[in-house]
Amino acid sequence: MVMIMFKSAEQKPDGLELVLSAIGEETGRVLLRDYAYKQEDLCLNAEKFDDDIICRIALGAELEDYRFDKYAKLAPEDYPKLETITFVVKNPLEMRLKYEPFAALANAIRFARDLFNEPESLYQTEQYFFEIKRLEYLNLYFKDLGDGLVMLEWKNENSNKEPLIVVAQNRKAAAVGAGLMKAVALQKLALPIRACLKIEGELDDFLIPNPIFIKQNLSTDEQAATELRKLYEHISKGVL
């Protein structure tokens, strides 16, 4: 997994040095595709770019770096070589703080994609259940509602609003819901949110007020990542 770093020109490390000319998330994705198997370290001169642009380039690189090879038998040379991408910026500490929400989102998407990609034949419902339960370490409240249904809730003691309720109706959608709640907890959003995740079986007669349903027909982890981002961006902006 590639590590994103921010340093000043005086701290610039060794590594292939590049001057960025394109901007945006796709720039980071292209960098990963071009250099993942060629270089161990990249050093990018980003002193002239806005902070938001730098963050989006870094996010694109982190997202493109994902691969699910848990069950693959690969030779050492088949694994990516790239370990770090260093952005040379004017204020490294300030950039690290500004990148935290993007890093949290990348972390949550990676978690959701891992769950999404676990084959049911090898990764049983019990394992899936406990992987979601582990998110309690982020101060998410977890409850087993029985019959393959679990709940995660982010509570905010300073808010008197009713929680937004997100509902996943199958195992693939539940991966998105769990990832969404991880992103919410990592960022400590001020909005109370509850996720009801149906890991197995059918969700029958489940009556809740104003549910936000996660798409059911997700066929790829890229679609799952897109759905997670859409929900997170709306929620974090208070749109939903």
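The analysis underlying the following values was restricted to heavy atoms, covering all of them including side chains, and did not include hydrogens, waters or symmetry mates.
Ring centroids of Phe142 and Tyr137 are separated by 6.0 Å or more, keeping the two rings apart.
Panel note: side chain Gln187, backbone Val184; no donor-acceptor pair is recorded below 3.5 Å. Formation of a donor-acceptor pair under 3.5 Å by the Glu227 side chain with backbone atoms of Lys215 is found in this model. Of the possible polar contacts, none joining the Asp69 side chain to the Ala72 backbone as a donor-acceptor pair under 3.5 Å is found. Under a 3.5 Å cut-off, the side chain of Lys172 and the backbone N or O of Phe116 do form a donor-acceptor pair. Counting only distance, with no hydrogens or angles, the side chain of Arg96 and the backbone of Phe6 share a donor-acceptor pair below 3.5 Å. When atom types are taken as modelled, the side chain of Gln39 and the backbone of Ala36 share no donor-acceptor pair closer than 3.5 angstrom. Under the 3.5 Å distance criterion, the side-chain polar atoms of Arg67 are matched with a main-chain donor or acceptor of Asp65. Of the possible donor and acceptor atoms, none in the side chain of Trp154 sits under 3.5 Å from a partner among the backbone N and O of Met181. At distances below 3.5 Å, not a single donor-acceptor pair connects side-chain atoms of Asp50 with backbone N or O atoms of Asp52.
Counting heavy atoms from C-beta on, the side chains of Phe129 and Lys133 come closer than 4.5 Å. In this structure the side chain of Leu149 never reaches within 4.5 angstrom of the side chain of Asp144, judged on heavy atoms. Contact annotation: the side chain of Met1 approaches that of Arg110 to within less than 4.5 Å [non-hydrogen atoms, C-beta and beyond]. Annotation: side chain of Val166 is in contact with side chain of Leu180 (closest heavy-atom distance under 4.5 Å). Between Ile214 and Leu231, some side-chain heavy-atom pair lies under the 4.5 Å cut-off. Between Pro192 and Glu162 the shortest side-chain heavy-atom distance does not fall below 4.5 Å. Using a 4.5 Å heavy-atom threshold, the side chains of Tyr128 and Arg171 count as touching.
With 3.5 Å as the limit, one finds a donor-acceptor pair spanning the side chains of Tyr66 and Asp114. At a cut-off of 3.5 Å, with distance as the only test, no side-chain donor of Glu94 or Tyr99 sits close to an acceptor on the other residue. With no hydrogens or angles considered, no side-chain donor-acceptor pair links Thr220 and Glu222 at under 3.5 Å. Residues Thr226 and Gln223 have side chains that never bring a donor and an acceptor to within less than 3.5 angstrom of each other.
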Evaluate Arg33 against Glu26 for salt bridge (charged side-chain N to carboxylate O under 4.0 Å, His left out), listing each step before the verdict. CA-CA 10 Å; Arg33 291 195 290 267; Glu26 185 60 22; 2.6 Å; yes
Decide side chain to side chain contact (heavy atoms under 4.5 Å, CB included) for Met95 and Phe87; before the verdict, give the C-alpha distance in whole Å, the side-chain angles of both, and the deciding distance to 0.1 Å. CA-CA 9 Å; Met95 273 306 312; Phe87 290 83; over 6 Å; no
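Both Leu31 and Phe49 are members of a single hydrophobic cluster when ILVMFWY side chains are connected at heavy-atom separations under 4.5 Å. When the side chains of ILVMFWY residues are joined at heavy-atom separations under 4.5 Å, either directly or via intervening members, Leu93 and Ile85 end up in two distinct hydrophobic clusters. Taking hydrophobic clusters as Ile, Leu, Val, Met, Phe, Trp and Tyr residues chained together by side-chain heavy-atom distances below 4.5 Å, Phe68 shares a cluster with Phe111. By the criterion of side-chain heavy atoms lying less than 4.5 angstrom apart, applied directly or through intervening Ile, Leu, Val, Met, Phe, Trp or Tyr residues, Leu197 is grouped together with Leu138 in one hydrophobic cluster. Val88 and Leu97 are members of different hydrophobic clusters when ILVMFWY side chains are connected at heavy-atom separations under 4.5 Å.
Judged by a 6.0 Å distance limit and a 45° cone about the ring axis, Lys155 is positioned over the six-membered ring of Tyr141. A cation-pi geometry, defined here as NZ or CZ lying under 6.0 Å from the six-membered ring centre and within 45° of its normal, does not hold between Lys81 and Tyr37.
Cluster partners of Met3, by chain and number: Met5. The rule joins Ile, Leu, Val, Met, Phe, Trp and Tyr whenever side-chain heavy atoms lie under 4.5 Å apart.
The number of heavy-atom neighbours closer than 6.0 Å to NZ of Lys188, taken from other residues, nucleotides and ligands shown, is 12 or below. Other residues, nucleotides and ligands place more than 12 heavy atoms under 6.0 Å from the CD atom of Gln216.
The heavy-atom pair separating Pro92 from Ser8 by the smallest distance is CG-N, 3.3 Å.
Under the side chain to side chain contact (heavy atoms under 4.5 Å, CB included) rule, Ile109 has a single partner from Lys182, Arg229, Glu62, which is Arg229.
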